[in-house]
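Contents: one structure, followed by commentary.
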Amino acid sequence: MAIEDEVLKKLRERDAFAENDKADGIAQQGIDKGYATLSPAQQHVLEPYMLLPCDGVEDPGGYHNECIKQLEGRELLQALDDEGYYDALLCDDCRSDYHNWYE
């Protein structure tokens with residue numbers, strides 16, 4: 001399964017498309033038949049969901065790092081997988097900072 005297919009599946013489980021029926025239908029088609037089978041126009045509809053911002057982390061002193069990294073591909077998939085643990089979408093650097101500060 002391609003990374004994009006896995007990301008679509010995780011996003012759908014997260015109800016990311018709940019507010020957009022068109023995107024939801026296209027996402028389901030991408031899950032069923034593969035993201036690569038979608039037309040460029042259909043992929044364009046899903047693009048905003050396939051690139052999400054890192055939420056960043058707060059150090060023990062309360063300073064938020066204001067991370068500006070955009071998550072996509074494998075890193076987005078990892079952030080979606082770990083979202084329940086961190087209660088946020090975090091990039092590799094922010095996950096590392098979290099562990100350095102809190103573990």
Side-chain angles (χ1 to χ4, degrees):
M1 184 179 288
I3 291 299
E4 294 85 1
D5 301 343
E6 293 180 57
V7 168
L8 282 178
K9 187 175 179 182
K10 287 287 182 185
L11 288 170
R12 193 120 196 288
E13 289 170 2
R14 185 182 190 239
D15 290 329
F17 308 107
E19 300 294 319
N20 186 333
D21 290 341
K22 180 178 179 181
D24 187 52
I26 294 170
Q28 185 60 55
Q29 182 179 343
I31 292 166
D32 293 342
K33 297 181 181 180
Y35 182 82
T37 67
L38 299 175
S39 71
Q42 289 171 315
Q43 289 180 5
H44 182 72
V45 170
L46 297 180
E47 279 177 16
Y49 301 95
M50 303 297 282
L51 182 70
L52 298 176
C54 175
D55 292 326
V57 292
E58 198 172 280
D59 71 13
Y63 171 77
H64 193 277
N65 70 352
E66 303 299 330
C67 184
I68 60 169
K69 184 157 188 181
Q70 296 293 309
L71 305 169
E72 64 182 321
R74 281 193 196 288
E75 193 168 27
L76 176 55
L77 183 60
Q78 185 66 53
L80 290 165
D81 282 341
D82 294 343
E83 184 178 24
Y85 179 80
Y86 297 108
D87 199 28
L89 290 176
L90 300 179
C91 68
D92 293 336
D93 292 337
C94 288
R95 281 194 307 274
S96 179
D97 286 347
Y98 178 92
H99 289 286
N100 288 336
W101 294 331
Y102 296 105
E103 294 182 358

Going from OG on S96 to CG on L90, what distance comes out if it is rounded to the nearest 0.5 angstrom?
11.0 Å
Derivation and outcome, side chain to side chain contact (heavy atoms under 4.5 Å, CB included), residues L11 and L46:
CA-CA 11 Å; L11 288 170; L46 297 180; over 6 Å; no
Mark yes when over 12 heavy atoms from residues, nucleotides or ligands other than E47 sit less than 6.0 Å from its CD; otherwise mark no.
yes
Rounded to the nearest 0.5 Å, the CG atom of D24 sits from the CD atom of E19 at a distance of 11.0 Å
What heavy-atom pair brings R12 and A27 nearest, and what distance separates the two atoms?
CD-CB, 4.4 Å
Quick one, V7 and R74 - any side-chain contact, counting heavy atoms below 4.5 Å?
no
Could you state the interatomic distance from NZ (K9) to CD (Q28), rounded to the nearest 0.5 Å?
10.0 Å
When rounded to the nearest 0.5 angstrom, what distance separates CD in Q70 from CG in L51?
4.5 Å
Heavy-atom side-chain proximity of L77 to I3 below 4.5 angstrom
yes
One thing to verify: whether E83 and K10 come together as a salt bridge, which I'm taking to mean a side-chain N less than 4.0 angstrom from a carboxylate O.
no
Classify the ring geometry between Y98 and Y86 as parallel (under 30°), tilted (30 to 60°) or perpendicular (over 60°).
perpendicular
Looking at Y35, is its backbone amide N or carbonyl O close enough to the side chain of Q43 to form a donor-acceptor pair, meaning the two atoms are under 3.5 Å apart?
yes
Assess whether atom CG of N100 is packed by more than 12 heavy atoms of other residues, nucleotides or ligands within 6.0 Å.
yes
Residues D93, K69: salt bridge by 4.0 Å N-O rule:
no
Would you say D55's side chain and L89's backbone share a donor-acceptor pair under 3.5 angstrom?
yes
Please say which of D82, L76, L80 ends up in a side-chain contact (heavy atoms from CB on, under 4.5 Å) with Q78.
D82
Is there a donor-acceptor pair closer than 3.5 Å between any side-chain N or O of N65 and the backbone N or O of V57?
yes
State, with a plain yes or no, whether a side-chain heavy atom of M50 is found less than 4.5 Å away from one of L8.
yes
Output the distance between atom CD (E58) and atom OH (Y102), rounded to the nearest 0.5 Å.
6.0 Å
Here the pair of heavy atoms bringing A16 nearest to Y49 is O-CE2, 3.4 Å
Has E75 got a side-chain atom pairing as donor or acceptor with D92's backbone, closer than 3.5 angstrom?
yes
Looking only at heavy atoms, what is the nearest atom pair of G56 and C67, with distance?
CA-CB, 3.9 Å
Rounded to the nearest 0.5 Å, how far apart are NZ of K33 and CG of L38?
9.5 Å
